[in-house]
Visitor: 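Encoded as structure tokens, here's the structure I'll be asking about.
In what follows, every chain begins at residue 1, and chains take the letters A, B, ... in the order their sequences are listed. Computed from a predicted model, the values in this text were never measured in an experiment.
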Amino acid sequence: MKIAVHNLLSCGGCDPVFFLEESPEFFRKAEVIFWNKVKDETLKVFRKIPDQGIEIGFLCGAVKSPEHEEVVRLFRRKCRTVVAVGACALWGGIPGLLWIRKEGPRPLSSLVVPDLSIPGCPPEGSTWTVYLQGLLSGRPPGPSEEPVCQECPRDRHPFRLSDFKRFPETEPESRGCYLSLGVFCAGAVTQKGCGARCLRAGYPCLGCYGPPAGLTARGERLLSAMVSALVPQKATEALKNWRDPAGSLYRFDLATHPLVRKGKCGRSD
Amino acid sequence: MKPRIIGFLCEWCAARALENLAFCHPELPVGFQPFRINCTGSLELEVVIKALTEADGVLVAGCPPGECHFREGNLRAGLRLKALKRVLSALGEDLRRLRIIWLSSGEGERLGEEIHKFYRELSLEDRGS
């Protein structure tokens, strides 16, 4: 089985090189044709490969430069299965926050249609295993319908808020749901699969696994839920003191936000 | 290109105000597209964002505070839209494109004035003709 791997605009944390131990049987079978981190090769070698000559191509990271675009199109042509790995490839990821400054990277899925999308920043080892096994058996898994809250160990109860908080402002010993503490925890609008790794470590969910199947506009939904929980008398004050709105709502998917996709100032005519 | 303003009008007040206004055969600017919604509280932010991508401006009109048919739908909507404005300003969006007004069902003429004012503020009046 021939595979190719390439890193586009990303920190490199979701490169398969970190997950070799998680799926040893998969990578033992694989013959690496092109992997810019493991083998010192240029794209020249890659261009000589006949079309559809590679079985699986892994692409990590977002698309920024014309070179990135060329690599993505090459991968689509040369590989029978293109696997997009990580939040950057799927929704633009953290680099996508550059769109606040009106220019940033695009997700890979805006150029080509990947056959399989492995979510996460970076994906958990167990997620790799599940997705790669699904790929080999011919039944690749899609996004889950259930949110991270299903796996979260924290206590849930009804709540009203008087203020929004950031994580460092919360009490370390509190065991309640982060939403009830006023922290924008993205768990409720994020698909499960990571085992609530961050929440078990005591940190609110950042939302790197992306929306559950069928959920759109997750940032707006989270905002709607949080604002609806505000006590009306204190709402104005809370909204005034709320810091980093774009980062807390669209941390990983600002590049796919409709307003960003449409061009910054709505219609430019 | 013709301007386009999308209006989300609460059916208990603003949509009736528009009906009242219609009896006077007013001159409304080109491209105003009203949508009747059940209550401003039922307006999803996702829909507002979608409307902002499609149109030049979005007008949300609901009942005055304390007069909501569902007791506090308009207050909730007001808060939510205020929060959305915070987000839009963080994204560098022009905040004038989203306008929220409160008016009761009898104030048809005021609705007409507000629509004209909205067009003037976005300087869309001359584009329509």
Visitor: Taking every heavy-atom pair that is under 4.5 Å apart, which of T216(A), D244(A), L249(A) has the most such pairs with chain B?
Guide: T216(A)

Visitor: Hey, are E69(A) and R106(A) close enough for a salt bridge, meaning a charged N less than 4.0 Å from a carboxylate O?
Guide: yes

Visitor: Just distance, no hydrogens or angles: give the donor-acceptor pairs under 3.5 Å from side chains in residues 82-97 of chain A, sequence neighbours left out.
Guide:
none

Visitor: Considering residues at least two apart in sequence or located in another chain, which fulfil the side chain to side chain donor-acceptor pair (under 3.5 Å) criterion with S180(A)?
Guide: none

Visitor: Answer with side chain, backbone, both or neither: which region of R221(A) has an atom nearer than 4.5 Å to a non-hydrogen atom of chain B?
Guide: side chain

Visitor: What part of L239(A) gets within 4.5 angstrom of chain B, counting heavy atoms only: side chain, backbone, both, or neither?
Guide: both

Visitor: Under 4.5 Å, counting heavy-atom pairs only, tell me which of A217(A), S228(A), G247(A) racks up the most with chain B.
Guide: S228(A)

Visitor: Find out whether L59(A) and V112(A) are in side-chain contact, i.e. whether some heavy atom of one side chain is under 4.5 Å from a heavy atom of the other.
Guide: no

Visitor: Select one option (side chain, backbone, both, neither) describing which atoms of E44(B) are under 4.5 Å from chain A's heavy atoms.
Guide: side chain

Visitor: Taking side chain as everything from C-beta outward and backbone as N, CA, C, O, which of these in R86(B) sits under 4.5 Å from a heavy atom of chain A? Side chain, backbone, both or neither.
Guide: both

Visitor: Before accepting this row, confirm whether a basic side-chain N of the pair R36(B)/E19(B) lies closer than 4.0 Å to the acidic partner's carboxylate O.
Guide: yes

Visitor: Between A235(A), A246(A), P245(A), S248(A), which shows the greatest number of heavy-atom pairs under 4.5 Å with chain B?
Guide: P245(A)

